[in-house]
Amino acid sequence: QASVAVLLDSPADWPGQALLDGFTYETWDEAGGRFAERKSKWFIDWIERSEGYQPKTYEQCAGVLKAAGYDQMASEVRFACERRRLAETPLLSWRKLGLFLAWGATGFGYKLWLAFLWAVLLVGAGALVFCCNDQVRLADVGNIKHGLYAAEYSLDRLLPLVKLRD
């Protein structure tokens, strides 16, 4: 258990293995812009030198980065924390399945573009199934092309709370 207000360091000063569990700091020394030169990978590698999975070390680092105005690097450190949690979870467990689904669906909430990608894929798959089904002939589509109607129908089924048609 150690605590410092300002962490003065050089990237080369750290040993190959560090015991960071319980180590707290309020900020890093940003003299000369050295702090900004480091990438999030350096911070993640620094944390992962510690033995075992310690989520508090990731949160400590992410909190300091966010307070210093490096929001993107803080998010990448938090994402690495969740990735490590997934790696450290026993293989045959419900928690591993849940973490894997969270990783694949939204990148643990840090990569929301994945949710949009899944929505586009599901609408496309639904439209394809609808086009290959006899329902297209039964539907009164008027002048609208079958493919457009199928995509609209698929989107309507995906978003049940939004009423696209009567």
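We count residues from 1, following the sequence as given.
Around CZ of Phe100, the count of heavy atoms belonging to other residues, nucleotides or ligands within 6.0 Å does not exceed 12. Within 6.0 Å of NZ in Lys66 there are 12 or fewer heavy atoms belonging to other residues, nucleotides or ligands.
Taken together through direct or relayed side-chain contacts under 4.5 Å among Ile, Leu, Val, Met, Phe, Trp and Tyr, Tyr70 and Phe79 form parts of separate hydrophobic clusters. No continuous path of hydrophobic side-chain contacts links Leu114 to Leu86 [ILVMFWY only; heavy atoms under 4.5 Å]. In the hydrophobic cluster analysis, where Ile, Leu, Val, Met, Phe, Trp and Tyr join through side-chain heavy atoms closer than 4.5 angstrom, Tyr53 is grouped together with Ile44. Placement of Val64 and Trp42 within a single hydrophobic cluster is found when ILVMFWY residues are connected by side-chain heavy-atom separations under 4.5 Å, directly or transitively. A continuous path of ILVMFWY side-chain contacts below 4.5 Å connects Leu122 to Leu155, so both sit in one hydrophobic cluster.
Note that OG1 of Thr57 and CH2 of Trp46 are 8.0 Å apart. Values are rounded to the nearest 0.5 Å. Cys81 SG to Glu76 CD: the interatomic distance, rounded to the nearest 0.5 Å, is 14.0 Å. Separation of atoms CZ (Arg83) and CZ (Phe108) is listed at 8.5 Å; rounding is to 0.5 Å. To the nearest 0.5 Å, atoms CG (Leu65) and CE (Met73) are separated by 5.0 Å. With values rounded to the nearest 0.5 angstrom, Lys111 atom NZ is found 10.5 Å from Thr106 atom OG1. One finds the CZ atom of Arg95 at 7.0 Å from the CZ atom of Arg85 (value rounded to the nearest 0.5 Å).
Trp118 and Gly104 make their closest contact through NE1-O, 2.9 Å (heavy atoms, listed as atom of the first residue, atom of the second, distance). Between Gly126 and Ser154 the shortest heavy-atom distance is CA-OG, 3.3 Å.
Salt-bridge check for Glu59 with Lys56: failed, with every basic side-chain N at 4.0 Å or more from each acidic carboxylate O. A salt bridge is defined here as a Lys NZ or Arg NE, NH1 or NH2 lying under 4.0 Å from an Asp or Glu carboxylate O, and Arg49 with Asp45 fails to meet this definition.
Counting heavy atoms from C-beta outward, Arg84 and Tyr58 have side chains that approach closer than 4.5 Å. Residues Arg78 and Glu82 form no side-chain contact, since every pair of their non-hydrogen atoms from C-beta on lies 4.5 Å or further apart.
Taking the six-membered ring for Trp and the full ring otherwise, the centers of Trp113 and Phe116 sit at least 6.0 Å from each other.
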